[in-house]
Amino acid sequence: MRPLFVAIVGLGSFLLFLVQPLVARIALPLLGGAPSVWNTAMVFYQAALLAGYAYAHALQRLPLRAQAGVHLAFLLAAALTLPLGLPTGRLPPPGEEARWLLLLLAGSIGPLFVAIAAQAPLMQAWFARSRDPEAREPWFLYAASNAGSLGGLLAYPFLFEPFTALPFQQGLWSALYLVLVALVGAAALALTRGGAAAAAAPRVRGTPIPVGRQIRWVLLAAVPSGLMISTTTHITTDIMAMPLLWVLPLSLYLLSFILVFGRHGARWFEAALLATPVLLLLFGAVALVSLEWAASLYGLASLFLLFAVAVALHGALAMSRPDVGGLTRFYLLLALGGVLGGLFAALLAPLLFDWVWEHPLLLLAAALLLPARPISPRLARLWAGRGLASRALRVLTPGATLALSFVLGTGFDPVEPAPWQVAAVAALVLVAVLAIGRPIMFSWAFAMLMLGVGGWQQLDISTIEGARTRSFFGIYTIQNVQSSRVRRLLHGTTLHGVQSLDPARARLPMSYYAPDSGVGRAMRAVPALFGPGARVGFVGLGAGTLACYAKPGQRWTAFEIDEAVVGLAVTSGAFTYVGDCKPDLRIILGDARLTLARQPPGSFDLLAVDAFSSDSVPLHLLTVEALRVYMQALAPDGLLLLHVSNRFLDLERVVAAAVAAEGLAARRLRYTPAKEDLANGLVYGSSDWVLVTRTEQRMAEAMAAARGGPNAAAEWEPLKTPEGIPPWTDGHASILRVLKPLPALF
C-alpha cells in the first residue's frame, strides 16, 4: 500500500504546484505582466488549498467507502473543465485587477485545484485506516507531498518553460491529472475490497486540542506564508515577473516543510532556533533601507532570511503536531494560517500601506513567535529576576533603545555611516542579542534597530502628502533632490523619471530620455522624417518626460496600464512635462499590447516602448507576437524604439532574436552621458535603446536623421548576435540564457 499512497500524494502535489506558475504565466499578459499577478494568484491558491483541506476534513465523518465514492466523483467532475487554461474575455476595469483575477482563477481552475489540494491530507487519513505497520504515523506522506510540490515548482522554470511551449504544458498536465484519478481509484479499491477491516474502521479519534494551541498553529503558519509573498514582491519587482523568480521563495518555503517534517526534523529545528535570531539582526535590520544599487544583495539576503524563519516556525509546528486523530484538523489550520498570511501580504497590505511595511511587520511577528532560548541561564535570570537591577533593566531598556534609535535614524547614512552611528547600531545589536530568548524584548530591540537604520526616514517620507502612491502595479515614490535641484520618480528601487526644479530647465528631458540618448535622437529626427503632422506614440507614461519632444501640429498618444501613474504625471502637479509641453496628449489606459492591437493599422510614424515595472520589462511585451503588434500599429516607413536598459537581463539579445525571426532591421545605441553635461548639472542617465525598421534602407535614412549632438560619443551599432537564443513567444520564453553574469548583478 505504501508505494501507491506515496505515488498518489507525490503526483498530486507535483500537479498542484506545477499548475501554479503555469496558470499565472498564462494570466501575465492579461494584466500587463505586473509582479502582483503572482501574489494575487498565490492568495487564490492558498484559499483553494484551504477549501481542499476543509473538504478532506469534512469527509472524515463518512465511512471509507462513502469517502471514496464522493472523492472520485469530485475528481471526475473537475476533469470536465479540462484542458487546463484561462478564458480570455473582458479585461478588468482600472482598480479592480486583483478581484478580477481571483474570480477568473476560481471560475477556471478552481474545481481542479480544490480536488487535488485535498489529496495530501485525505490520503494520509486513508492510509491511517490501512493495515500498514506505520499506519498511525503517516507523516512521511506529508514529506512526500512537499517533495512532490517542490519538484513541480522547480520542474516548471528549469524543464518545462525553457524547453516546451504552453500548449504542450497544458496538455501534459491534463494527461497527468487523469493518471492521478486512476491511482486514487486503485487506492480506494485496494482499501475497500482488499481490507474489509480498513473499510469498516471508524475514524481515528485523537485527544482534544486546546484552543490556544490551535491559534498558535494558525499564527506559526501565517507569518512564513506572508513573508514568502512579501519576499516575492521584492525580487520580482526589481528583476522580472516570471515563473523562474516566482518559484524561488516558494521553493524555500516548501523545503522548510520537507526538512522539519522529515526524519531529521528536530535537528533542523534546533539549528534554525540558533541561526534565525542572528539572521534577523544581520539581514532583517536593513528591511527598511531602500538603495537602488543594493537591490540584488538585499534580494539574496531576504531569501536566506525567509528560509531561516520558515524552518524555525514550521519546525515549531512540526514539534507540536497532534496524534493521527487530529491530522486533518492540523492541516486545515495550517492552510488557514497560509491564507491569512497571504491575504495580509498580497491584498490587505497594498490597501493599508503606501510602502512595503508588511515585510518588516512580518519579520517582527516572526521574532515574537520564535521559541528561541536565552544565550545563557545567567542572562535569563538577569532579565527575569526580581532584584533592583533586573527591574531597572526591564524598565529602562525600552526607553533607552527608543531614544537611541530615533537619534540614529534622523541622519543615518547607510552608505557611509559616521563612527558614532556605527557605535549606535552596535549598541542596539548588543541589546537585541542579550534579549534573545525573551520574545517581547528581543522584538522591541529588533524594531528599534530597523527604525534606526532606515525606518524613521521611511516613516518621514510616508508622512509627506503625495510622496508615495501604491497600486496593483507597484509603489511609486517622489523624491526632491536638493543637491541637483531635481524631482525624481521611483518605481520600487528603479528610477523612472527626473524633472528639474529649475524653471529654465523644467521642459528638458532627463534621465534615460536625454537629447543624445537613442529615443532623444529619434524624437528630434521625427519632423525631418515624417513632416509637421507626425503621429507619435509611446508605451509607459512614467513622469511624462517624452511629451517634451512634441512639436506643434504633431499628434501624440501615450499608453499606460496604471491609472495611478496618469495621476502622478498629469493631474497631481508633481511633474509638469505633460502640462507644459503637450497638454492635449491622448492617454489610453490599459495594457499597451492589448490596446495597441485595437488601433487601426499604420496609426503611428514612431512608437517608443518603455514599459518598465521597476527594473523589469513585462515579458509579454518582448515576444515575437508583441513585435508584430507594434509593427502593425506603425506606418510602413515607421520607426520602433525599444528601451532595453536592465541591471539583470541582457534584453538586447532577446530583441535581436525576435527581430531576426521577423526579418526586420535593427540597431542599438548605448548612451553614456558626457562629463560636460553632468558638470553643468544635467541629470542624464545611461541607457540602451534599440531602433527597429522594416528595411535596411529606411534604417539608413533614420540613422542619418537621428545623429547625435556635439556631446554625443556613441552612434548606432548592430545588435549582438542572439547566439542560439530562441525568440521569445507567448508560449515559450525563459530568462535563463539572458541572465547577466553573477558579478554584474551586484
Side-chain angles (χ1 to χ4, degrees), residues 28-30 32-33 91 512-513 518-519 521-523 525-526 529-530 534-542 546 549 554-561 586-613 616-646 651-669 687-696 698-699 701-703 706 716 719 722 727-733:
L28 263 182
L30 305 178
L91 295 179
Y512 311 112
Y513 318 104
V519 72
R521 297 188 192 188
M523 290 293 184
V526 165
L529 291 170
F530 303 106
R535 302 161 301 167
V536 177
F538 63 100
V539 174
L541 180 61
L546 287 177
Y549 282 112
Q554 293 180 349
R555 290 169 288 171
W556 279 59
T557 304
F559 297 86
E560 174 56 52
I561 194 170
R586 178 189 178 211
I587 300 176
I588 298 178
L589 198 63
D591 176 68
R593 179 169 156 184
L594 298 175
T595 51
L596 268 169
R598 300 191 190 110
Q599 304 303 307
S603 295
F604 301 100
D605 297 309
L606 183 146
L607 178 65
V609 179
D610 181 36
F612 280 81
S613 174
S616 72
V617 178
L619 180 150
H620 73 295
L621 295 183
L622 290 176
T623 63
V624 169
E625 292 87 349
L627 185 59
R628 291 170 184 164
V629 170
Y630 305 148
M631 300 311 293
Q632 177 182 310
L634 281 172
D637 59 350
L639 309 182
L640 173 65
L641 272 298
L642 300 172
H643 193 184
V644 296
S645 305
N646 196 276
L651 297 179
E652 182 186 331
R653 292 197 291 163
V654 175
V655 173
V659 166
E662 293 298 290
L664 302 172
R667 299 290 189 277
R668 68 156 172 84
L669 193 143
S687 62
D688 293 343
W689 289 86
V690 174
L691 174 64
V692 181
T693 60
R694 285 188 170 86
T695 65
E696 286 292 346
R698 188 55 172 170
M699 176 61 69
E701 296 168 355
M703 289 191 297
W716 300 97
L719 271 61
W728 286 3
T729 67
D730 289 348
H732 182 212

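Residue numbers run from 1 in the order of the sequence given.
- A 4.5 Å side-chain heavy-atom check between Leu606 and Met523 finds at least one atom pair inside the cut-off.
- Atom CD1 of Ile588 is separated from atom CG of Leu594 by 12.5 Å, given to the nearest 0.5 angstrom.
- For the residue pair Val539 and Ala592, the shortest heavy atom distance occurs at CG1-CB, 3.2 Å.
- Judged by distance alone, the side chain of Arg694 and the main-chain N or O of Ala635 form a donor-acceptor pair under 3.5 Å.
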(request) Please test Tyr630 against Val692 for side-chain contact (heavy atoms from CB on, under 4.5 Å), starting from the C-alpha separation and ending with a verdict. (result) CA-CA 10 Å; Tyr630 305 148; Val692 181; over 6 Å; no

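- Residues that satisfy the side-chain hydrogen bond (donor to acceptor under 3.5 Å, both in side chains) test with Arg698, not counting sequence neighbours, are Glu701.
- To the nearest 0.5 Å, atom CH2 of residue Trp689 and atom CZ of residue Arg521 are 13.5 Å apart.
- Between Leu691 and Leu640, every side-chain heavy-atom pair lies at or beyond the 4.5 Å cut-off.
- How far CD1 of Ile587 is from CH2 of Trp556: 12.5 Å, rounded to the nearest 0.5 Å.
- Side-chain polar atoms of Tyr513 and Asp610 form a donor-acceptor pair below 3.5 angstrom.
- Heavy-atom minimum distance, Ala534 versus Asp605: CA-OD2, 3.5 Å.
- Inter-residue side-chain proximity for Arg593 and Thr623 is flagged as met; some heavy-atom pair is nearer than 4.5 Å.
- Taking every heavy atom of both residues into account, Ser687 and Ser645 meet most closely at CA-OG, 3.3 Å.
- Between Tyr549 and Val536 there is no side-chain heavy-atom pair separated by less than 4.5 Å.
- Closest non-hydrogen pair, Leu541 versus Ala558, comes out as CD1-CB, 4.0 Å.
- A distance-only check finds no donor-acceptor pair linking the side chain of Thr693 to the backbone of Leu639 [under 3.5 Å].
- With hydrogens and angles ignored, the 3.5 Å screen pairs no side-chain donor or acceptor of Arg555 with any backbone N or O of Arg586.
- Taken from CG in Asp688 to CG in Leu651, the straight-line distance is 9.5 Å, to the nearest 0.5 Å.
- Two residues are said to be in side-chain contact when any heavy atoms from C-beta on lie closer than 4.5 Å; Leu607 and Leu596 meet this criterion.
- Scanning all heavy atoms of the two residues, the minimum distance from Leu641 to Gly518 falls at CD1-O, 4.1 Å.
- For the atom pair Asp637 CG and Leu529 CG, the distance stands at 8.5 Å (nearest 0.5 Å).
- For the atom pair CZ of Arg667 and CD of Glu696, the computed distance is 4.5 Å after rounding to the nearest 0.5 Å.
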(request) Using the side-chain contact (heavy atoms from CB on, under 4.5 Å) rule, take Gln632 and Val629 through it: C-alpha gap first, then chi angles, then the decisive distance, then the call. (result) CA-CA 5 Å; Gln632 177 182 310; Val629 170; 5.7 Å; no

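- Counting only residues at least two apart or in different chains, side-chain hydrogen bond (donor to acceptor under 3.5 Å, both in side chains) contacts with residues 652-663 comprise Arg628-Glu662, Asp650-Arg653, Glu652-Arg668, Glu652-Arg670, Arg653-Glu723.
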